[in-house]
Amino acid sequence: MYKTIIIGTGPAGLTAAIYLARANMKPLVIEGPQPGGQLTTTTDVENFPGFPDGIMGPELMENMRKQAERFGAEFRTGWVNSVDMSRRPFKLDVDGLGELEAETLVLSTGASAKYLGIPGEQDNVGRGVSTCATCDGFFFRNREIIVIGGGDSALEEAGFLTRFASKVTVVHRRDELRASKIMQDRVRSNEKVEWALDRTPLEVVTNDMGVTGLKVRNNATGEEEVISATGVFVAIGHTPNTGFLGGQIDTDENGYIIVKPGTSETNVPGVFACGDVQDTRYRQAITAAGSGCMAALDCEKYIEALEHEQKELAAK
């Protein structure tokens, strides 16, 4: 029986672990197949406060993990198959660990960026292929960049990247964009943006120096071509990692956990959510870490109230 179990080890989960461990809650942190989350696929992180010269993503996550361990957080590796939230203590079925019980839960399982699944894509994540313009745009100053996608998020990223790139080419497999008209008008008026619509991405092209372009097929003619670029930003959405919850937590239409505004509280008392699993807007390491702090403080307050209630009942 644990006072609290944290599921997920990105910036949110690790920050929650640091705070709860310092509060002597002895949290158990369950880390899945990608400890540290998406940040472990990022090379230089230059926008996390406190590192004027930047820091490697895996190193930042390892430092946060060591900090949590120093204060008494326990880390175990496993895959959470399901959680029973119908009664407390909550029961977790975890591959490799069996059944675990906890009075409270902190959900920080994140959201996985969607990829195209084309050759050269996964091999070059963090080496020219990215899913976060805010994170990596700075590294492509005065270079040609491709953004793949046709929704508001893709055009927002394209517009942002024009601050750095010499040219941004938007590639979309349909001949019409899904983005709102106001977003389309804003980006179409930008001289740095070019368009490659009705084209299907086929392969991220590379050489010994890194990414050199994107091979696409013109859907109207069937012809293939290579669009030159040193950076390819995939902006086709994210999938929140909430499937294992079995619908016990309130989510929006896309599966993101809904929390009470200004808190990390879910609709299930004693269950808190932080990081990208409940953030549809910012998706930054620093905002995830901040929400992890919120979850830890909310969780600590909940446990204290629970223990006080139990003592009063025992006294009667």
Side-chain angles (χ1 to χ4, degrees), residues 34 38-47 53-59 112-179 184 187-188 190-238 283 285:
Q34 189 182 9
Q38 293 186 65
L39 216 59
T40 58
T41 65
T42 304
T43 50
D44 293 322
V45 178
E46 295 190 328
N47 55 5
D53 299 319
I55 185 172
M56 299 291 282
E59 182 183 1
S112 300
K114 295 179 181 177
Y115 288 96
L116 297 162
I118 59 177
E121 183 183 41
Q122 285 297 319
D123 294 341
N124 292 284
V125 171
R127 301 176 180 84
V129 175
S130 174
T131 57
C132 180
T134 310
C135 310
D136 299 327
F138 179 83
F139 302 112
F140 294 90
R141 283 188 177 277
N142 302 315
R143 297 184 182 183
E144 295 183 354
I145 296 174
I146 289 170
V147 173
I148 302 173
D152 278 356
S153 295
L155 295 198
E156 185 175 351
E157 297 230 323
F160 176 82
L161 288 168
T162 59
R163 303 180 188 182
F164 310 100
S166 58
K167 181 176 74 173
V168 176
T169 302
V170 176
V171 176
H172 186 47
R173 58 192 175 90
R174 297 191 178 93
D175 59 0
E176 293 183 355
L177 299 166
R178 293 181 292 104
Q184 290 190 45
V187 179
R188 286 187 184 279
N190 193 315
E191 296 178 352
K192 285 188 175 183
V193 178
E194 295 190 2
W195 305 88
L197 304 183
D198 203 19
R199 287 168 171 81
T200 299
L202 300 175
E203 178 183 357
V204 176
V205 182
T206 62
N207 62 17
D208 293 339
M209 301 297 291
V211 171
T212 60
L214 179 72
K215 181 189 287 187
V216 300
R217 180 178 61 248
N218 186 315
N219 296 328
T221 66
E223 295 180 356
E224 296 182 2
E225 62 180 308
V226 175
I227 303 173
S228 297
T230 57
V232 175
F233 286 77
V234 183
I236 57 174
H238 290 74
R283 299 193 187 99

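Remember, predicted model here, so these are calculated numbers, not experimental data.
Dense packing is recorded around CZ of Phe160, with more than 12 heavy atoms of other residues, nucleotides or ligands lying under 6.0 Å away.
Side chains of Leu214 and Val204 form a contact here, defined as non-hydrogen atoms less than 4.5 Å apart. Between Val125 and Tyr115 the shortest side-chain heavy-atom distance falls below 4.5 Å.
The two residues Arg173 and Thr200 make their nearest non-hydrogen contact at CB-OG1, 4.2 Å. Residues Leu155 and Val187 share a closest heavy-atom pair of O-CG2, 3.5 Å. Scanning both residues, Leu177 and Arg188, for their nearest heavy atoms gives CD1-NH2, 3.7 Å. Here the closest heavy-atom approach between residue Val147 and residue Ala235 is recorded as CG1-CB, 4.2 Å.
Taking OG of Ser130 as the start and CZ of Phe139 as the end, the distance is 9.5 Å to the nearest 0.5 Å.
At distances below 3.5 Å, at least one donor-acceptor pair connects side-chain atoms of Arg199 with backbone N or O atoms of Leu197. Glu157 places no side-chain N or O within donor-acceptor distance of the main-chain N or O of Phe233, the cut-off being under 3.5 Å. Between the Asn207 side chain and the Gly210 main chain, a donor and an acceptor come within less than 3.5 Å of each other. A donor-acceptor pair under 3.5 Å links the side-chain atoms of Asn219 to the main chain of Asp198, judged by distance alone. Put simply, the side chain of Thr169 never gets that close to the backbone of Glu194: no donor and acceptor are under 3.5 Å apart.
For residues 137-156, the pairs satisfying side-chain hydrogen bond (donor to acceptor under 3.5 Å, both in side chains) are Asp152-Ser180, with sequence neighbours left out.
Residues that satisfy the side-chain contact (heavy atoms from CB on, under 4.5 Å) test with Asn190, not counting sequence neighbours, are Thr162, Lys192, Val193.
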Between Thr206 and Asp123, does the side-chain contact (heavy atoms from CB on, under 4.5 Å) criterion hold? Intermediate values first, please.
CA-CA 10 Å; Thr206 62; Asp123 294 341; over 6 Å; no
